[in-house]
Amino acid sequence: MDSEMVMNAMNEIRKILKDEQILLDVPMKEHTSMRVGGKAKMMLLPSGVEEIRDVIKYLNENNVPYYVIGNGTNLIVHDTGYDGVIIKLSDNFSSTSVEEDIITAKSGAPLVLVSNLACDHSLSGLEFAAGIPGTVGGAVTMNAGAYDGEMKDVVLEVTCLDKDANLVHLCAEELQFGYRTSRIQTESLIVLEVKMRLSGGNRDEIRDKMRELNRRRREKQPLNFPSAGSIFKRPEGYYAGKLIEEAGLRGFQIGGARVSDKHCGFIINTGTATAADVIELIEFIKKRVFETSGVMLQQEVKILGG
Ligand SMILES: Cc1cc2nc3c(=O)[nH]c(=O)nc-3n(C[C@H](O)[C@H](O)[C@H](O)COP(=O)(O)OP(=O)(O)OC[C@H]3O[C@@H](n4cnc5c(N)ncnc54)[C@H](O)[C@@H]3O)c2cc1C
């Protein structure tokens with residue numbers, strides 16, 4: 001986006017959003033849990049469906065590149081930043097409601113809060129999500145999961161925008177959920193709202209299970225360092241972390257990016273990492289693990305820009 005394109009976009013988007021919802025030259029390290037990455041030319045924080053639709057229509061009609069993010073907990077942005085518009089659907093678009101055994105959440109609602117809301121209403125099914133730091137929209141897109149649970153087990157229906165900014169309602173069967181993937185990813189849909197069906201349970205038991213899963217997380221994962229969670233998908237029949245450990249890479253470091261000593265499936269930012277360090281380490285791990293085990297690891301994290 002050259003400066004004229006940015007100015008034109010600013011002027012038009014000001015007709016849709018308030019000034020405080022339009023940010024320029026935004027450091028993406030402040031919007032991603034890995035805490036690396038350069039600036040995005042523009043970031044928009046729409047707070048309603050009509051705003052999101054109007055923004056997408058404008059961007060489509062004017063061929064402005066854009067990318068939707070939630071909490072940026074599965075995302076690495078290159079050091080050169082993103083030459084386009086980031087649409088962030090997080091706290092700005094996060095209302096929730098509960099009706100009997102159904103929770104409806106806007107895509108920006110934090111999954112952890114929705115999991116707690118379910119517990120407060122004695123609803124079981126989202127215990128697995130108690131420690132996943134993304135938004136509901138990001139979680140549906142990724143079919144996030146842990147400890148034998150995944151989003152596909154609870155999603156009833158998703159309201160999305162398609163590429164032409166049409167509203168579409170997709171039921172679980174239409175979402176083509178797979179291991180850390182969904183039709184949202186493959187067709188670049190935008191998640192607006194998610195309905196989840198849970199089942200009645202005992203509040204204390206639900207809370208105990210969530211506490212236990214979070215305890216296991218704290219014990220196994222390097223939660224005191226910035227990271228993007230598991231960098232790689234679990235290869236069938238293996239564990240990525242174990243393959244990385246067996247390749248001799250526990251604690252291996254490039255620049256400020258390090259294979260976690262606590263969980264080799266995580267890359268942590270020791271404080272000084274650049275996106276280039278993280279990406280170089282990812283490629284190094286893939287190569288070394290392939291040489292030692294014959295398994296080609298696939299990234300779970302998304303890499304943007306470059
Ligand atoms: C410490 C830690 C632990 C983690 N543990 C787990 C775990 O146990 N299980 C697990 O599955 N993941 C885990 N993750 C990864 C991450 O939290 C999940 O993948 C989460 O679902 C991503 O949500 P997000 O809002 O942060 O998405 P982002 O990182 O912002 O985006 C991820 C992808 O989703 C897309 N996206 C986001 N929002 C939308 C939307 N509204 N519409 C369309 N596309 C969208 C983005 O374009 C991008 O492609 C962990 C991460 C960390 C840092």
Side-chain angles (χ1 to χ4, degrees), residues 28 31-37 40 43 46 49 52 56 66-77 82 84 86-94 105-115 126-153 155 158-163 168 170 175 177-194 213-214 216-218 220-234 241 260 262-263 265-269 299-305:
M28 289 306 293
H31 295 270
T32 52
S33 57
M34 187 57 107
R35 298 275 177 256
V36 296
M43 178 181 280
V49 171
I52 299 170
I56 298 293
Y66 64 86
Y67 192 80
V68 177
I69 69 165
N71 282 348
T73 61
N74 205 35
L75 182 66
I76 292 158
V77 181
Y82 179 61
I86 296 282
I87 299 169
K88 180 162 173 167
L89 301 181
S90 180
D91 299 341
N92 45 308
F93 186 63
S94 60
K106 292 281 187 278
S107 57
L111 193 58
V112 168
L113 289 193
V114 175
S115 172
L126 271 173
E127 293 89 333
F128 77 89
I132 301 180
T135 60
V136 167
V140 171
T141 307
M142 299 300 302
N143 187 22
Y147 305 112
D148 294 332
E150 49 186 354
M151 290 306 288
K152 92 174 192 342
D153 303 336
V155 170
V158 175
T159 306
C160 311
L161 284 184
D162 68 12
K163 282 212 138 181
V168 273
L170 298 171
L175 283 159
F177 282 122
Y179 174 66
R180 301 296 173 265
T181 185
S182 70
R183 183 169 164 191
I184 313 282
Q185 265 185 63
T186 51
E187 294 184 15
S188 298
L189 305 174
I190 299 175
V191 181
L192 298 175
E193 190 177 276
V194 181
L213 295 183
N214 274 333
R216 280 159 67 178
R217 240 175 225 283
R218 283 194 300 276
K220 297 242 162 66
Q221 299 181 359
L223 300 182
N224 47 341
F225 285 96
S227 81
S230 297
I231 292 285
F232 301 102
K233 294 186 181 186
R234 181 164 18 88
S260 165
K262 200 167 178 183
H263 186 319
F266 278 54
I267 289 178
I268 56 166
N269 179 351
Q299 260 157 249
E300 181 179 318
V301 290
K302 307 290 175 198
I303 298 183
L304 180 64

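What you see below is based on every heavy atom in this structure, not just the backbone, and it leaves out hydrogens, waters and symmetry mates. Residue numbers start at 1 and run along the sequence shown. Atoms within a ligand are numbered from 1 in the order they appear, just like the ligands themselves.
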How far is [atom] from the closest protein heavy atom, and which atom is that?
| atom | value |
| --- | --- |
| atom 33 (C) of ligand 1 | Met142 SD, 3.9 Å |
| atom 49 (O) of ligand 1 | Tyr67 OH, 2.9 Å |
| atom 44 (N) of ligand 1 | Thr141 OG1, 3.3 Å |
| atom 23 (O) of ligand 1 | Gly134 CA, 3.3 Å |
| atom 41 (N) of ligand 1 | Val191 O, 3.2 Å |
| atom 46 (C) of ligand 1 | Val68 O, 3.2 Å |
| atom 43 (C) of ligand 1 | Leu189 O, 3.3 Å |
| atom 32 (C) of ligand 1 | Asn74 CB, 4.1 Å |

Checklist outcome for this item: Interatomic distance, CD1@Ile267 vs CD1@Ile76, rounded to 0.5 Å, equals 6.5 Å
Next on the checklist: Please compare Gly70, Gly145, Gly149, Ala146 and report which has the shortest non-hydrogen distance to atom 9 (N) of ligand 1.
Outcome noted: Gly145
Item to check | Qualifying residue for side-chain contact (heavy atoms from CB on, under 4.5 Å) with Cys160, from Leu170, Leu192, Val140, Ile190 | outcome: Leu170
Item to check | Derivation and outcome, side-chain contact (heavy atoms from CB on, under 4.5 Å), residues Ile86 and Leu304 | outcome: CA-CA 11 Å; Ile86 296 282; Leu304 180 64; 3.7 Å; yes
Next on the checklist: I need the atoms of ligand 1 closer than 4.0 Å to a non-hydrogen atom of Pro133, numbered in the order shown.
Outcome noted: 2 (C), 3 (C), 4 (C), 17 (O), 50 (C), 51 (C), 52 (C), 53 (C)
Item to check | side-chain hydrogen bond (donor to acceptor under 3.5 Å, both in side chains) partners for Glu300, two or more places apart | outcome: none
Item to check | Considering all heavy atoms, the nearest Lys262-Gln221 contact | outcome: NZ-O, 3.3 Å
